[in-house]
Amino acid sequence: MKLQKVLFTALAAVGLAGALSVATTTTADAASSKVNSYIASKNYKPAKVTKSIWSGFPKYKYRHGKGKPEGVVIHETANPSSTIYNEIAYMKRNYNNAFVHSFVDASHIINIANTDYLSWGVGYPGNSRFLQFEQVEVHSKSAFAHEIANAAWYTAYLLKEYNLKPNDAAYDGKGTVWSHGSVASHLGGSTHTDPVGYYASAGKKYFGQKYTMAAFYQLVKKYYNAMGQSNHKKLMTAKYTSVNMQAQLSSRYKKYYLYNHVKDVNKNAKRQSWSKISPKVGKTYSIDMTAKKSNGSMWYRIKLPNTTKRYWVYFDNLTNLTDLDAAASSSESAASSSDSASADSSSATSTSSASN
């Protein structure tokens with residue numbers, strides 16, 4: 001028994017040392033990532049998130065409810081000859097087999113499915129737990145670095161959006177940042193290992209060093225922490241006024257976003273899909289409230305016919321603004337002036353007849 005105990009203790013010590021060695025090596029590799037260093041040296045700015053929500057995707061709640069994902073899964077398409085738009089088109093045609101929320105490449109972050117509802121990318125039980133996006137394979141040093149930067153930033157963005165903290169799931173299967181491979185290893189439902197192979201081969205090819213999920217996770221944390229600093233900025237104030245107006249949708253509307261509250265005034269303000277108002281240039285919308293922000297910019301709350309839904313837009317989204325109350329008052333004034341003129345004319349005629 002004593003020998004067995006000594007042997008067990010020795011093995012345990014070796015095992016612990018091995019585990020610490022692996023953890024230390026992984027951390028060191030992540031910290032010395034040539035890809036991450038290159039991204040930092042270039043000071044890349046992430047692509048803007050383009051909302052292009054397709055209504056054909058099914059809407060099922062996560063296991064804890066609508067808008068309650070538990071983490072983010074990073075995929076890779078494993079198709080070296082495809083483009084982001086080809087992948088999106090293919091997914092729409094074959095969504096019954098699988099679909100994800102978004103696609104990322106060197107220049108784009110395109111959100112195609114409502115992230116408040118689950119997608120079908122990793123099987124059971126992962127689908128009911130995680131946000132998911134695909135990366136399209138790119139073919140140059142700069143493109144790969146840009147794509148990694150976009151993917152890491154978007155992962156941090158999604159974590160912030162749903163009040164989740166970064167936690168690498170690779171080690172114990174209990175985190176918030178997952179590769180498809182980690183989901184398959186810890187939760188099952190799939191045998192895929194992406195994006196590990198793509199990261200390793202592209203990193204080796206363009207930077208002479210395999211890129212790893214551990215290095216990717218460090219980049220996610222960096223972006224997440226930067227967002228945390230910027231998100232604490234002081235909110236603006238606004239002066240709200242009830243109005244009775246109408247306006248037409250400007251051709252410039254695609255340069256801006258639709259919001260549920262006035263941006264930078266309400267902490268719960270979030271971008272909304274333009275599809276919610278069936279946008280069409282020149283289409284007339286009613287306006288029931290304006291907001292003049294403390295920086296001087298004007299916002300208008302448009303309302304949809306036969307519904308209680310309201311959305312806020314920046315003034316440059318609209319054209320041909322008309323104050324209906326003022327127009328009605330002006331019309332009544334004109335009519336009154338016309339009636340007065342007619343009465344004066346009749347009076348003048350009567351006076352003239354009497355003098356004759």
Ring centre gap for [X] and [Y] strictly below 6.0 Å:
{"X": "Tyr253", "Y": "Trp274", "result": "yes"}
{"X": "Phe130", "Y": "Trp178", "result": "yes"}
{"X": "Tyr117", "Y": "Tyr60", "result": "no"}
{"X": "Tyr154", "Y": "Phe133", "result": "yes"}
{"X": "His146", "Y": "Tyr44", "result": "yes"}
{"X": "Tyr311", "Y": "Tyr259", "result": "no"}

Which pair of heavy atoms, one from [X] and one from [Y], lies closest together, and at what distance?
{"X": "Gln132", "Y": "Gly121", "result": "OE1-CA, 3.0 Å"}
{"X": "Leu321", "Y": "Ile287", "result": "CD2-CD1, 3.6 Å"}
{"X": "Leu249", "Y": "Pro279", "result": "CD2-CB, 3.7 Å"}
{"X": "Leu258", "Y": "Val313", "result": "CD1-CG1, 3.4 Å"}
{"X": "Val138", "Y": "Ala106", "result": "CG1-N, 4.2 Å"}
{"X": "Ala47", "Y": "Ser107", "result": "CB-O, 3.5 Å"}

Query raised in the report: Which one of Tyr211, Phe207, Phe216 satisfies the side-chain contact (heavy atoms from CB on, under 4.5 Å) criterion with Asn36?
Result: Tyr211
Query raised in the report: Only one of Asn150, Ile84, Thr50 forms a side-chain contact (heavy atoms from CB on, under 4.5 Å) with Ile109, so which one is it?
Result: Asn150
Main chain of [Y], side chain of [X]: is a donor-acceptor contact present, judged purely on distance under 3.5 Å?
{"X": "Ser128", "Y": "Pro125", "answer": "yes"}
{"X": "Ser297", "Y": "Lys293", "answer": "no"}
{"X": "Gln209", "Y": "Lys34", "answer": "yes"}
{"X": "Ser185", "Y": "Ser182", "answer": "no"}
{"X": "Tyr62", "Y": "Asn127", "answer": "no"}
{"X": "Ser286", "Y": "Gln246", "answer": "no"}
{"X": "Ser250", "Y": "Thr319", "answer": "no"}
{"X": "Ser37", "Y": "Ser33", "answer": "yes"}

Is the closest side-chain heavy-atom distance between [X] and [Y] below 4.5 Å?
{"X": "Ile148", "Y": "Tyr199", "answer": "yes"}
{"X": "Thr77", "Y": "Phe103", "answer": "yes"}
{"X": "Ser179", "Y": "Ile74", "answer": "no"}
{"X": "Ile112", "Y": "Ile53", "answer": "no"}
{"X": "Tyr240", "Y": "Val265", "answer": "yes"}
{"X": "Met245", "Y": "Thr290", "answer": "yes"}
{"X": "Lys309", "Y": "Lys276", "answer": "no"}
{"X": "Asn317", "Y": "Arg252", "answer": "no"}

**Report entry** CA sep, side-chain torsions, deciding dist, call: Tyr256, Lys263, side chain to side chain contact (heavy atoms under 4.5 Å, CB included)
**Finding:** CA-CA 11 Å; Tyr256 304 97; Lys263 181 185 176 184; over 6 Å; no
**Report entry** Asp288/Lys303 salt bridge by N-O under 4.0 Å criterion
**Finding:**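 Answer for the salt bridge query: no.
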Any chance you could measure [X], atom [atom1], to [Y], atom [atom2], to the nearest 0.5 Å?
{"X": "Glu134", "Y": "Ser82", "atom1": "CD", "atom2": "OG", "answer": "10.5 Å"}
{"X": "Gln218", "Y": "Thr212", "atom1": "CD", "atom2": "OG1", "answer": "9.0 Å"}
{"X": "Leu324", "Y": "Asn244", "atom1": "CG", "atom2": "CG", "answer": "4.5 Å"}
{"X": "Glu70", "Y": "Lys174", "atom1": "CD", "atom2": "NZ", "answer": "13.5 Å"}
{"X": "Arg93", "Y": "Ile88", "atom1": "CZ", "atom2": "CD1", "answer": "12.0 Å"}

Is it possible for you to say whether [X] and [Y] belong to one hydrophobic cluster, with membership spreading through side-chain heavy-atom contacts below 4.5 Å?
{"X": "Val136", "Y": "Val73", "answer": "no"}
{"X": "Trp120", "Y": "Leu158", "answer": "yes"}
{"X": "Met227", "Y": "Val104", "answer": "yes"}

Report summary line: Given the options Glu147, Glu137, His75, Tyr198 meets side-chain hydrogen bond (donor to acceptor under 3.5 Å, both in side chains) only with Glu147
Report task. Determine, stepwise, if the pair Asn268 / His261 fulfils side-chain hydrogen bond (donor to acceptor under 3.5 Å, both in side chains). Result -> CA-CA 7 Å; Asn268 295 315; His261 298 286; 5.4 Å; no
Requested in this report: Quick one: sort the Tyr85 and His108 rings into parallel, tilted or perpendicular, breaks at 30° and 60°.
Outcome: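 Rings of Tyr85 and His108: perpendicular, as their planes differ by over 60°.
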Query raised in the report: Going by the angle between their ring planes, with limits at 30° and 60°, are Phe57 and Trp54 parallel, tilted or perpendicular?
Result: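 Correct class here is perpendicular.
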Requested in this report: Classify the side-chain pair Asn111/Lys51 by whether it contains a donor and acceptor separated by less than 3.5 Å.
Outcome: yes
**Report entry** Asn266: partners by side chain to side chain donor-acceptor pair (under 3.5 Å), with sequence neighbours left out
**Finding:**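 Applying side chain to side chain donor-acceptor pair (under 3.5 Å) to Asn266 gives none.
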Requested in this report: I would like to know whether Ser142 and Ser140 meet side-chain hydrogen bond (donor to acceptor under 3.5 Å, both in side chains); could you show each step before the answer?
Outcome: CA-CA 6 Å; Ser142 175; Ser140 73; 5.2 Å; no
